[in-house]
2 protein chains.
Amino acid sequence: MKKKRITLKDIARETGVHVSTVSRALDPIERKSITDDVANRIQAAAERLGYRPNRIAAGLRTNRTMTVGVMIPDITNLVFPPILRGIESVLEPLGYAAIIVNTDSERDREVRLLDVLRDRGVDGIIHAAVLRSDPSIARAAQDGLPVVTLNRKVEQSTIPSVVNDEDAGICEMLRHLKELGHTRIAHIAGPQELSTGQLRLSAFRKAADDQAIEVDEALIRVATRFNEEDGARCLLELLDGGNVFTAVLCANDRLALGAIEALRDRGIDCPGQISVSGFNDMPLLDLIRPKLTTVRIQQYEAGRTAAKLLMRLVNSAEDDAIPLETVLPVELVARESTAPVAAGGPSSR
Amino acid sequence: MKKKRITLKDIARETGVHVSTVSRALDPIERKSITDDVANRIQAAAERLGYRPNRIAAGLRTNRTMTVGVMIPDITNLVFPPILRGIESVLEPLGYAAIIVNTDSERDREVRLLDVLRDRGVDGIIHAAVLRSDPSIARAAQDGLPVVTLNRKVEQSTIPSVVNDEDAGICEMLRHLKELGHTRIAHIAGPQELSTGQLRLSAFRKAADDQAIEVDEALIRVATRFNEEDGARCLLELLDGGNVFTAVLCANDRLALGAIEALRDRGIDCPGQISVSGFNDMPLLDLIRPKLTTVRIQQYEAGRTAAKLLMRLVNSAEDDAIPLETVLPVELVARESTAPVAAGGPSSR
DNA sequence: TTATGTCATGCAATCGATTGCATACACGGA
DNA sequence: TCCGTGTATGCAATCGATTGCATGACATAA
C-alpha cells in the first residue's frame, strides 16, 4: 500500500540522464548550466512523477535543514502566539519551518530542549524564553549556531537580540499617572527571576526618580508569578499594609486584572478611587471592564524582526553587520482603568 | 571557530573499534550484543567527547525523523495552545518534537503546508484544522503517512479522529436553558464552512427537536466568523428583526461575548432580561462580567489523546486495533450569564 | 584433535541529494 | 585537418548512521 517515494534516480532513469544532471536541472541556480531542452524534459518528468525532494538527504549533505528552533516559556501565555505568527510570516515564504518548544522557564528543560533542537540540525534558534543568564544557549551560539534572542539579552555575548522598549513604556505610564494627579503610586512587580519582571521594576525605580516621584518601598510588592491570583494577593497586601496610594502600576496585564478584581471584592472603585495600569496589551482586554489602561507591545512585529535577523545570520556574508540590539517602540493605550485622582486627594484606608 | 561535530567515527577512532560496533553499543536495544567492557568504554568515550547523534543521518537511513507535524488553523486562537501543550506532553518524553503550522483555514495554504511537513519527513501528522473534506490529507494517509485528526473527521476515510462530544454539549446547554424556563431560544451559529460551526448548528436543531423545543428559523443567525464583532452583529440582527426570545445559545464563547456586549450597548440586562451561553470555556473567561455560562472542552486532554493515538499508529504492530473515533466528554459550566426567565415571560421588543 | 556452535565484531552497502572534478563533444579559427 | 576553448554532462565521493551478512575467536562436545 505504501507508495514508494520518487527520487532523483527515478527521474534520471526516466529521462536517460545522470542523477547529478537531474539535481542540477532542478536547482534554480545550477539550472543555467544545463541545456534548456534537457532541463525542460527533466522538469516535466519531475512534475509528472510527482517528485518531492527529500530534505533529509539534502540536509545530510549540505548541513542545512531549512528548519529553525523556537524556544518560548509557554505557548499558553497569550503574548507568544502573535510572536510565533510573526516569526512564521517571515520564515514560511523563505521555505523554513519552525520547531517550537516550551521551556516552562525551567533551566533543565531548557537545556534538554536545546539539545532536542540541535539534534534535529536546526539552522538557527530564536530564543524567547526569559531566564536570565544562560550558559547553554551561549555555548550553542559559540559553536556557530545562529541564535537570536527575543525580549532578553544574554549577558556578555554577541548574540543579537530584539527587545521592546520596556523602559520607555514604564516611563510613559508613570508620566500618564502623574499627569492624572497621582503622586502615591504603588507597583506590583513581576517575578525577579524573569528578565521582564526585573527589567520593569528597575525601570519603575528609574522613571520615578527621573520624574521626581517619591518611591515608597512599602508600595512595591513583588509577585511570584505573572498571574491574576498573585496580582490580587499583592494588592490586598498593599491595602492591608495600611498604605496610602491612589494608583497601582502593574508589571503586566494579568497582575493588573487580579488587582482590579481584588479592589472590586473590597468594594473599592477602579478607577474612581484607585487607578490601575497593566503592561502588554494582551488580546481580549477590551472585553473586560473597566477596560485596562496598558502599554501595547508589538508582539507580531517583534517576532518578524527576530526572524528576519535570524535569516540574516543564517545566510550572512562575512561582512554583513548584524545589529546587536534592536529596540522596538511601545505605545501607551489609555483606556478606562486610570482616571484623575479623586477630589479629596489620597487618603489612608 | 565552528566546533566540529563529534561522529561515530570519532568515537570509533578513539576506542579502536569499528563504527558499527559504536553504533550498536550506543543503541539500548543492540547494546546487549556487545561485550560489557567494550560497550562501557564506548559509552565513556561518547560522553567524554560530548557525542550527540545526528538524527538527520539516522533519519535518512531509517526513514524516521522523530518529528511529527501539527496542523492547526491559527495558534492565536485560544483553544489551540492548550491542545499543543497536551500534544507536547505526550511527544516530548518519547523523544519526538513537533513542527507546528497555521493553515488559517485556507485550502491552498493547507496543501502547501502539508508538503512542507512531508518534505521534512515527519513521522506522522496531527491535523486539527477544521476544513471539511480534504483530499490532500486523505491522500497523505493513503500513502502510508500516519495521520490523526482532531475535532473533525475526514469523510469516508480510515483516519482515526479525536472529537469532543459537541452534540452532548449543545444538548446539555439547551436542557439547562429549558430548565431555567426558556422556550424562545435563539442560536448564533458559527461559519458553516468550518466543521465546528456546522456540527453545532445541526446539534442545536437535533437537540431542540429531541426536547420538543420549537425551532424558529428566524431565531437562527449564522456568523461568518467566530469573533466578537460577528456575535454582536448577529445579536443586533435578532433584536432588530423584532423577534421574541429570552435566551441565546452561541456556537462559541467569542460570539457570546460579542452578543453580551451588544446587549449592554442596547441597555438590555444579561442575564436579567436575556440569557446568553457560550461554548469552549476559553481561558480568562472568569475575568469577564457577567461570567459566561459555557461548555467546557478538554483541550489539553484532546491533544494528549490525539498524540497517544498517533504514537500508536507510528509504532503500531499490524494487529494493533486503533479506535477510529474517540469521543471525549464535555462539561456544562453554569456561571452568571444564564438565569431563570424573567417573571413576565417572553415579550416582544 | 577436530567438528560444531555461539557470540562479538568488522565489512560494506545503503538511504537521497549535492558537488568538485573529469571527460567528451561541439564549434571556431588557423 | 588539427588544436584550443568552452560547455554540457557524467563520475564518484561525501554527509553520518544503520544493518544484513561475513568472519574470526573461543568454547564445548565428540
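Labels below follow one simple rule: chain letters A, B, ... track the order of the sequence lines, proteins then strands, and each chain is numbered from 1. Just so it is clear, the values below take in all heavy atoms, side chains as well, and ignore hydrogens, waters and symmetry mates.
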Query raised in the report: Would you say the side-chain atoms of B/Asn315 and B/Arg64 include a donor-acceptor pair closer than 3.5 Å?
Result: yes

Requested in this report: For A/Val38, report the nucleic acid contact type (base, sugar-phosphate, nothing); a contact means any heavy atom under 4.0 Å.
Outcome: sugar-phosphate

Query - Start and end of chain B contact along DNA chain D [non-hydrogen atoms, under 4.0 Å] - result: D/dG16 to D/dG20

Query raised in the report: Across the strands shown, which category fits B/Arg24 at heavy-atom distances under 4.0 angstrom: base, sugar-phosphate, nothing?
Result: base

Query - Pairing of B/Arg109 and A/Glu92 as salt bridge, 4.0 angstrom limit - result: yes

Report summary line: Of A/Asn54 and B/Thr35, the one whose closest nucleotide on DNA chain C sits nearer the 5' end is B/Thr35

Requested in this report: Using heavy atoms to find the nearest nucleotide of DNA chain D for B/Ile56 and A/Gly16 separately, return the residue whose nucleotide is more 5′.
Outcome: A/Gly16

Query raised in the report: Can we say B/Asp143 and B/Arg118 salt-bridge, meaning some charged N sits less than 4.0 Å from an Asp/Glu carboxylate O?
Result: yes

Query - Any donor-acceptor N/O pair, A/Arg152 side chain to A/Ala128 backbone, under 3.5 Å - result: no

Only pairs under 3.5 Å count here: list side-chain donor-acceptor contacts from residues 79-86 of chain A, not counting sequence neighbours, and write none if there are none.
unit_1	atom_1	unit_2	atom_2	d
A/Arg85	NE	A/Glu88	OE1	3.1
A/Arg85	NH1	B/Asp74	OD1	2.7
A/Arg85	NH1	B/Asp104	OD1	3.1
A/Arg85	NH2	B/Asp104	OD1	3.2
A/Arg85	NH2	B/Asp104	OD2	2.8

Query - Passing option when A/Val22 is tested against A/Ile34, A/Leu8, A/Val38 for side chain to side chain contact (heavy atoms under 4.5 Å, CB included) - result: A/Leu8

Query raised in the report: Donor-acceptor pair, B/Asn102 side chain versus B/Ile75 backbone, under 3.5 Å?
Result: yes

Requested in this report: Indicate, with a heavy-atom threshold strictly under 4.0 Å, whether A/Ser20 touches base, sugar-phosphate, or nothing.
Outcome: base

**Report entry** Salt-bridge contact B/Arg13-B/Asp10 (side-chain N to carboxylate O under 4.0 Å)
**Finding:** yes

Query raised in the report: B/Arg52 or A/Ser33: which one's nearest nucleotide on DNA chain D is closer to the 5' end?
Result: A/Ser33

Query raised in the report: Once you build an axis from the first five pairs and another from the last five of the helix from C/dT1-D/dA30 to C/dA30-D/dT1, how far apart in angle are they, to 10 degrees?
Result: 70°

Query raised in the report: How close or far is atom P of C/dA24 from atom NE2 of A/His18, stated in whole angstroms?
Result: 15 Å

Query - Contact nearer the 5' end of DNA chain C, comparing A/Thr21 with B/Val17 - result: B/Val17

Report summary line: Heavy-atom closest pair (A/Ser161 atom, A/Thr149 atom, distance to 0.1 Å) is CB-OG1, 3.0 Å

